[in-house]
Amino acid sequence: MGSLGSVHLTAVQGHAAVPSLKTDELAYSGMQGAVGMSSAAVEHALTLIQKGHININKSLKSIKGGKLSITLLESLNKYTGKQTSAPYLFSDQHWGHAVRSYTHSLST
């Protein structure tokens, strides 16, 4: 993972300097967060596919007008009694640790 981060950071060395947007700081440290979050998002997607929560063939067949539509499973929320897709969402509660772990691995 470290090499992915260094490749990306090398690619942004020639970025436009916009002091009000703190682009120098973002190019140095903010990209680690972006790469960490992207890595966790890819892991999340692959995990959903691997566990059968997303049927990739069905999803690919649903492409209309160049847009992919993915329907997540729903499960019963025992407190509200309603169906929810919350357990399958990319949220800090479920994936925050992975995001922080990937981000930390880029900074070491």
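Once rounded to the nearest 0.5 Å, the distance linking OG of Ser85 with NE2 of His53 reads 12.5 Å. Atom NE2 of His97 is separated from atom NE2 of His104 by 10.5 Å, given to the nearest 0.5 angstrom. Taking CG of Leu48 as the reference point, atom CG of Leu89 lies at 9.5 Å (rounded to 0.5 Å).
Of all heavy-atom pairs between Gly36 and Thr103, the closest is CA-OG1, 3.6 Å.
For the pair Ile54/Ser59, a side-chain contact is recorded, criterion being any heavy-atom separation below 4.5 Å from C-beta on.
Among residues two or more places apart in sequence or in another chain, the side-chain hydrogen bond (donor to acceptor under 3.5 Å, both in side chains) test is passed with Glu43 by Tyr102.
Leu76 and Leu72 fall into different hydrophobic clusters, where Ile, Leu, Val, Met, Phe, Trp and Tyr residues are linked whenever their side-chain heavy atoms come under 4.5 Å apart, directly or through other members.
Within the structure, the salt bridge (charged side-chain N to carboxylate O under 4.0 Å, His left out) test picks out no pair touching residues 51-63 (sequence neighbours left out). Among pairs with a residue in residues 87-96, those fulfilling side-chain hydrogen bond (donor to acceptor under 3.5 Å, both in side chains) read His44-Trp95, Asp92-Arg100, at least two apart in sequence or across chains. Counting only residues at least two apart or in different chains, side-chain hydrogen bond (donor to acceptor under 3.5 Å, both in side chains) contacts with residues 63-84 are absent.
Grouping Ile, Leu, Val, Met, Phe, Trp and Tyr residues whose side-chain heavy atoms lie under 4.5 Å apart, directly or via other members, places Leu46 in a hydrophobic cluster with Val42.
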